[in-house]
Amino acid sequence: MPNKILVVDADVASRNFIAQKLLGQNHEVLQAGSGKEGLIYAWRDLPNLIIADPTMTDLKGEEFATKLKQDARTLQVPLIALSSDSSPERIKSCLDAGFNEYITKSGQAVPMINDAIRRLLELNGDAMKKGGELIVFISAKGGTGTSSLCANLAMNIAIEQPDARLVVADLVLPIGSIASIVGYEGSENIVKVADMPHEVTSSEYFRHELPDMKHWKFNLLAGSPDPESSNQLKVERIWDIVAALKMAYDYVFIDIGRSLSRITLPLIQHADLVTLLISTDTSTLPLTKTLWEYLKNKGVHTDSIYSILNRAAGLEGLSKADAETMLGITINASMPYLNTNLAFANTHHQPFTLKFPNDTASLIFRETTKDMLGVTQKIHV
Ligand SMILES: Nc1ncnc2c1ncn2[C@@H]1O[C@H](COP(=O)(O)OP(=O)(O)O)[C@@H](O)[C@H]1O
Ligand SMILES: [Mg+2]
């Protein structure tokens with residue numbers, strides 16, 4: 001199937017030139033002469049990719065990009081800026097506004113466009129529909145037990161399905177914590193991987209090169225080790241990295257924590273299961289409610305949300321019934337207060353169920369795991 005590409009440029013000659021080159025590559029081409037016309041065509045004809053000159057007469061190119069990225073219909077559509085303005089300020093403001101790539105009009109523009117199209121369309125499309133299950137972990141607030149439960153539930157799923165290949169990726173910014181929970185001290189991490197060339201970070205690479213966490217029974221793609229590294233993260237690479245992880249593993253767990261952003265939202269929207277950690281203290285419930293409503297508005301189906309009430313803060317706090325009433329949802333599982341045992345297991349880089357096999361919570365971990373798997377399978381039929 002040919003790709004449908006929308007070219008937005010007020011300059012007819014420039015637009016025709018690009019359109020002709022694209023037609024020569026067997027793409028289907030739509031043309032718009034203004035930003036407003038571009039938006040109308042984008043939302044009506046749903047192109048696979050948009051190339052736009054950000055110098056528009058009717059609205060700012062940045063505004064054009066923002067509008068596309070705020071709309072569910074075009075949120076995922078790659079957007080290339082093709083401009084005669086090569087000032088770093090303009091490039092930055094366009095990339096910040098949501099353009100995926102910025103190409104300067106020059107003799108090299110056409111090969112650069114072709115290269116960008118190949119890359120962006122590979123990343124997009126059906127990439128997230130292929131491969132293993134994507135299970136993300138999120139919460140409205142830090143300290144809810146998101147990372148601890150992500151690592152521990154992943155480990156329990158590995159026990160439940162001994163033949164499955166699992167990976168846990170840490171996307172919590174600015175500092176990930178899964179590495180410290182599982183005791184990984186190596187230097188492989190998301191920031192380094194995202195800095196590698198696209199051709200290198202294939203599913204083969206992830207299958208063979210990611211460190212094996214032994215008794216945790218999963219491989220790890222560690223998170224950003226510090227805020228400085230986090231600032232250098234090439235976020236535009238995240239999508240294809242996760243797509244490649246899915247091709248290499250049966251289960252891809254991603255700790256997103258509370259790092260909800262333009263980058264992580266598409267992953268949440270494409271996840272097979274969204275594990276939402278809820279804390280029992282009254283003050284965080286409104287935050288959780290806001291998060292829940294937001295996700296629903298962004299097209300995340302409530303059936304794909306698996307909510308866990310986690311008593312991370314202690315024995316006090318709301319009951320499951322109270323929380324359900326306040327949130328207006330049914331909570332899938334509850335994790336009791338594990339006293340200092342979980343922190344103890346974490347400090348020793350041990351899975352809870354290995355460290356405390358006879359603790360009733362270990363049974364709850366196993367039950368929750370089975371329940372989660374059941375929910376994922378139910379979604380898939
Ligand atoms: N159910 C629980 N009982 C006791 N302590 C918990 C429980 N859940 C989490 N914790 C502790 O709370 C702290 C924060 O957990 P963490 O997984 O880092 O949360 P988050 O990733 O949401 O910030 C850790 O010290 C962890 O051991
Ligand atoms: Mg965390």
Side-chain angles (χ1 to χ4, degrees), residues 135-156 168-184 189-190 213 216 218 220-227 229-230 233 253-261 263-264 267-268 274-281 283-285 287-288 290-292 305-320 323 331-356 359-369 371-372:
I135 302 183
V136 301
F137 281 70
I138 57 166
S139 58
K141 196 183 160 226
T144 312
T146 321
S147 303
S148 307
L149 290 196
C150 177
N152 278 283
L153 289 169
M155 181 268 184
N156 277 278
V168 174
D170 189 340
L171 288 186
V172 176
L173 300 178
I175 310 176
S177 67
I178 301 278
S180 75
I181 292 174
V182 304
Y184 175 66
N189 66 54
I190 184 73
M213 292 303 109
W216 286 89
F218 54 71
L220 176 71
L221 178 52
S224 164
D226 53 67
S229 306
S230 167
L233 174 63
F253 290 81
I254 302 187
D255 182 10
I256 290 175
R258 50 180 178 143
S259 307
L260 178 63
S261 71
I263 293 94
T264 52
L267 296 174
I268 299 171
V274 178
T275 314
L276 173 66
L277 270 295
I278 304 171
S279 80
T280 47
D281 67 296
S283 64
T284 57
L285 273 193
L287 296 176
T288 306
T290 307
L291 176 62
W292 181 280
I305 302 181
Y306 190 87
S307 52
I308 304 179
L309 188 74
N310 182 27
R311 247 166 233 290
L315 291 167
E316 310 84 54
L318 296 161
S319 68
K320 185 175 165 209
I331 290 172
N332 297 82
S334 336
M335 201 38 85
Y337 178 51
L338 305 173
N339 221 306
T340 49
N341 282 1
L342 183 60
F344 184 81
N346 283 353
T347 331
H348 289 80
H349 316 304
Q350 291 281 334
F352 184 89
T353 45
L354 279 193
K355 195 85 185 158
F356 302 102
D359 194 307
T360 45
S362 288
L363 188 71
I364 297 173
F365 267 116
R366 282 193 286 276
E367 292 301 322
T368 306
T369 306
D371 193 42
M372 275 176 86

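When a ligand or atom number is given, it counts from 1 through the structure's own listing order.
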Open item on the list: Using only atom types and a distance under 3.5 Å, with no angle test, would you say the side chain of S139 pairs donor to acceptor with the backbone of L277?
Closed with: no
TODO: Would you kindly say whether D359 and S362 are connected by a side-chain donor-acceptor distance under 3.5 Å?
DONE: no
Open item on the list: For a quick test of reading the model, state the closest non-hydrogen atom pair linking L220 to A179 and the distance between them.
Closed with: CD2-CA, 4.1 Å
- [ ] State the atoms of ligand 1, each with its element, that fall below the 4.0 Å cut-off from a heavy-atom position in G142.
- [x] 23 (O)
- [ ] Using the ring-ring contact (aromatic ring centres under 6.0 Å, His included) rule, take F352 and F365 through it: C-alpha gap first, then chi angles, then the decisive distance, then the call.
- [x] CA-CA 9 Å; F352 184 89; F365 267 116; 5.6 Å; yes
Task: Option passing side chain to side chain contact (heavy atoms under 4.5 Å, CB included) with N310 (candidates T280, I278, L338, L149) - done: L149
- [ ] Check each heavy atom of N310 against ligand 1 and say whether those closer than 4.0 Å belong to the side chain, the backbone, both or neither.
- [x] side chain
Task: Side-chain donor/acceptor of D371 to backbone N/O of E367, under 3.5 Å - done: no
TODO: Could you find the nearest protein heavy atom to atom 11 (C) of ligand 1 and give me its residue, atom name and distance?
DONE: L342 CD2, 4.4 Å
Task: Taking atom 13 (C) of ligand 1 as the reference point, the nearest protein heavy atom with its distance - done: G143 O, 4.8 Å
Open item on the list: Under 4.0 Å, heavy-atom basis, I'd like to know which part of P336 is in contact with ligand 1: side chain, backbone, both or neither.
Closed with: backbone
Task: Any protein heavy atom nearer than 4.0 Å to atom 9 (C) of ligand 1 - done: yes
Open item on the list: Need the ligand 1 atom indices (1-based, order shown) with element for anything under 4.0 Å from a heavy-atom of Y337.
Closed with: 3 (N), 4 (C)
TODO: Just let me know how N346 lines up against ligand 1, side chain, backbone, both or neither, with a heavy-atom cut-off below 4.0 Å.
DONE: side chain
- [ ] Ignoring angles and geometry beyond distance, decide whether S139 reaches within less than 3.5 Å of ligand 1 through its nitrogen or oxygen atoms.
- [x] no
Task: Heavy-atom check, side chain of S224 versus side chain of L233, under 4.5 Å - done: no
Open item on the list: Suppose I only count heavy atoms of G145 and a 4.0 Å limit; which atoms of ligand 1 are within that range?
Closed with: 9 (C), 15 (O), 16 (P), 17 (O), 19 (O), 20 (P), 22 (O)
TODO: Evaluate the side-chain proximity of L342 to N152: yes if any heavy-atom separation is below 4.5 Å, no if none is.
DONE: yes
Open item on the list: Under a 4.0 angstrom heavy-atom cut-off, which atoms of ligand 1 come close to R311?
Closed with: 1 (N), 2 (C), 3 (N)
Task: Best match, A312, C150, A313: closest heavy atom to atom 7 (C) of ligand 1 - done: A312
- [ ] Could you tell me whether D255 and ligand 1 have an N or O pair separated by under 3.5 Å?
- [x] no
Open item on the list: Under 4.0 Å from a heavy atom of A343: which atoms of ligand 1 are those, numbered in the order shown and with their elements?
Closed with: 27 (O)
- [ ] Using a strict 4.0 Å cut-off to heavy atoms of N339, name the atoms of ligand 1 that fall inside it.
- [x] 4 (C), 5 (N)
Task: Any side-chain donor near an acceptor of the partner, S229 and D226, under 3.5 Å - done: yes
- [ ] Can you sort out which atoms of ligand 1 are near S148, meaning under 4.0 Å from one of its heavy atoms?
- [x] 15 (O), 16 (P), 17 (O), 26 (C)
- [ ] Report the nearest protein non-hydrogen atom to atom 3 (N) of ligand 1: residue, atom name, distance rounded to 0.1 Å.
- [x] L338 N, 2.8 Å
Open item on the list: Counting C-beta onward and ignoring hydrogens, is there a side-chain heavy-atom pair between L173 and L171 closer than 4.5 Å?
Closed with: no
- [ ] Flag the pair L276 / L291 as yes when at least one side-chain heavy-atom distance between them is below 4.5 Å, and no otherwise.
- [x] yes
Task: Contact check: T146 to the Mg ion (ligand 2), N/O/S below 2.8 Å - done: no
